[in-house]
There are 2 protein chains.
Amino acid sequence: MTRMTAARSPYDPADRPRLGLRERKKIKTREAIRAATYALVREQGYDATTIEQIAERAEVSPSTVFRYFPTKEDIVLTDEYDPLMLEELRARPEDEPWMDSLRHVMRKALDLSEQEDPEVLRLRAQLGYQVPAIRSRYFESMTETGRLLRRALAERTGRDPESLEVRVSAMALIGGMMEVSMYWAENGFEGELRDLMERALDVMEHGPAAENP
Amino acid sequence: MTRMTAARSPYDPADRPRLGLRERKKIKTREAIRAATYALVREQGYDATTIEQIAERAEVSPSTVFRYFPTKEDIVLTDEYDPLMLEELRARPEDEPWMDSLRHVMRKALDLSEQEDPEVLRLRAQLGYQVPAIRSRYFESMTETGRLLRRALAERTGRDPESLEVRVSAMALIGGMMEVSMYWAENGFEGELRDLMERALDVMEHGPAAENP
DNA sequence: CATGATTTTGAGAGTTACTTTCATTTCATG
DNA sequence: CATGAAATGAAAGTAACTCTCAAAATCATG
């Protein structure tokens with residue numbers, strides 16, 4: 001069926017093989033659960049896939065599934081790109097306009113994710129579009145990203161990260177980005193996500209009512 | 001305990017007493033369920049409140065509760081301001097700048113809601129802030145509002161409501177507005193929500209990186 | 001007002017995500 | 001290999017939702 005790529009995460013265990021057997025096993029289990037979930041969801045759809053089936057295919061008990069992921073949605077969505085993003089944002093030159101920095105970082109993040117596992121990027125977007133529960137969880141995780149965004153934005157512009165202005169700016173960006181993903185899925189993944197994101201950032205840079213070509 | 005205001009909804013039944021007994025009873029049941037839920041949630045918190053308790057206090061069966069509201073979160077959140085908002089937006093003069101129209105309409109909506117039932121406005125914001133499930137549903141409902149927003153924005157600016165640009169603009173606004181509500185609840189409802197909203201719209205009008213006082 | 005059609009309700013059983021508890025197994029370490 | 005710590009599985013429990021069906025309330029008629 002589908003090629004079972006290992007989906008090397010940003011903190012790939014293979015980079016530091018000096019991990020105890022226990023740790024390595026945990027990582028394997030985690031990925032087994034995720035792989036089983038992706039496969040089943042592709043075969044039967046999200047709602048039709050039960051935790052029991054996932055557990056069975058991943059060869060663990062249902063209890064273990066919940067030990068690794070708090071909710072079913074998390075199995076599909078969890079990743080850890082956020083810290084990387086913050087780091088990248090901070091690494092951009094101080095005097096670069098904020099929105100340019102953001103453009104660079106987003107492009108980089110999307111490129112990376114696309115190259116690591118293009119299927120997963122699409123599957124997530126599609127599930128986010130189709131399944132309300134996933135969309136919700138998706139939004140929650142983007143809200144966390146929003147917290148990073150406001151920290152970075154505050155640092156860059158010398159404002160208080162907890163001020164209404166900064167918080168609203170960050171979440172407006174998040175809202176816009178979320179919509180890009182929905183749009184992409186809704187239109188059958190037509191075009192490069194990277195380009196759509198770029199257009200979205202252009203729009204948001206100048207406010208919603210500005211003239212766009 | 002708390003005064004059990006009837007919370008006259010925008011389409012108040014009392015305005016048209018010419019409804020069959022059946023219809024009137026349905027509206028009563030609906031409001032009984034909501035009132036019971038609000039009361040219980042205030043007493044015990046959201047999670048501790050079960051559908052069974054709600055049903056008992058509203059003097060209906062649990063099945064009936066689910067017949068009136070698809071999910072527990074909906075009992076707290078459902079309202080029907082959206083169509084009104086669209087109407088108001090359309091009623092604004094054609095040549096008024098879009099963001100000014102939005103400011104007017106939002107102010108009006110918030111004033112209305114505050115005057116109809118200030119408690120509910122606060123309770124919702126607070127639950128949205130504290131309870132992830134509610135926040136999710138809150139966001140979903142704002143997404144629907146976003147669809148209206150993009151229609152109105154498209155009409156006003158002569159663009160395609162399904163274009164990426166319009167959709168992103170609308171959802172960015174929604175994201176920003178959502179954050180206003182969170183901010184308000186998080187800071188103990190300090191200040192007028194109306195004023196916070198105004199400030200948020202100012203921010204979003206000019207883009208996230210613009211200088212604000 | 002009686003009667004039959006239609007709508008609404010409640011009772012009950014079933015599904016599934018998630019929780020909690022506890023005994024058993026698996027690994028790490030001296 | 002022995003001992004302690006961590007990970008697992010089995011099992012029972014909770015609560016949100018779904019489905020089905022029969023009883024009850026309302027409505028539209030003659």
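Just the heavy atoms: all of them, side chains too, but no hydrogens, waters or symmetry mates, feed the values below. Residue numbers start from 1 in every chain, and the chains themselves are labelled A, B, ... in the order their sequence lines are given, proteins ahead of strands.
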Whole angstrom value for the distance that separates C1' of dA16(D) from CD of Glu73(B): 9 Å
Value in whole Å for how far the C1' atom of dA16(D) lies from CD of Gln53(B): 13 Å
Residue closer to the 5' end of DNA chain C, Pro62(B) versus Arg22(B) (nearest nucleotide): Arg22(B)
Pairing residues for [X] by the side chain to side chain contact (heavy atoms under 4.5 Å, CB included) criterion, not counting sequence neighbours:
X         : value
Leu110(A) : Leu193(A), Met197(A)
Tyr38(A)  : Arg34(A), Arg42(A), Val76(A), Val120(A), Leu123(A), Arg124(A)
Asp195(B) : Glu192(B)

Pairwise salt bridge (Lys or Arg N to Asp or Glu O under 4.0 Å) hits with a residue in residues 49-65 of chain A, at least two apart: Glu43(A)-Arg57(A)
Residue pairs passing the salt bridge (Lys or Arg N to Asp or Glu O under 4.0 Å) test where at least one lies in residues 125-144 of chain A, sequence neighbours excluded: Asp74(A)-Arg137(A), Arg135(A)-Glu140(B), Glu140(A)-Arg135(B)
Under the salt bridge (Lys or Arg N to Asp or Glu O under 4.0 Å) test, residues paired with Arg90(A) that sit two or more places apart: Glu155(A)
Nearest-0.5 Å distance, CD of residue Glu162(A) to CD of residue Glu186(B): 6.5 Å
OG on Ser163(B) to CG on Leu153(B), rounded to 0.5 Å: 8.5 Å
Lys/Arg-Asp/Glu bridge criterion (N-O < 4.0 Å) met for Glu88(B), Lys108(B): yes
Terminal contacting nucleotides, 5' and 3', DNA chain C versus chain B (heavy atom, 4.0 Å): dT6(C) to dA11(C)
5' precedence on DNA chain D between Asp47(B) and Lys25(B) (nearest-nucleotide basis): Asp47(B)
Gln53(A)/Gln44(A) under side-chain contact (heavy atoms from CB on, under 4.5 Å): CA gap, chis, key distance, verdict: CA-CA 11 Å; Gln53(A) 295 173 330; Gln44(A) 327 173 329; 3.1 Å; yes
Those residues that, when tested against Tyr46(B), pass side-chain hydrogen bond (donor to acceptor under 3.5 Å, both in side chains) (two or more places apart): Glu73(B)
Phosphate contact (dA7(D) OP1 or OP2) by Tyr68(A) side-chain N/O below 4.0 Å: no
Could you pull out the protein-nucleic contacts involving nucleotides 13-15 of chain D (nitrogen or oxygen on both sides, under 3.5 Å)?
none

Under 3.5 Å donor-acceptor, Thr145(A) side chain and Ser141(A) backbone: yes
Listed once per pair and sorted, the side chain to side chain donor-acceptor pair (under 3.5 Å) pairs that draw on residues 175-185 of chain B, sequence neighbours left out: Arg150(A)-Glu179(B), Arg167(A)-Glu179(B), Tyr138(B)-Ser181(B)
Using a cut-off of under 3.5 Å, enumerate the N/O to N/O pairs linking the protein to nucleotides 18-21 of chain D.
none

Proximity to DNA chain D (any heavy atom under 4.0 Å), residues of residues 126-142 of chain A only: none
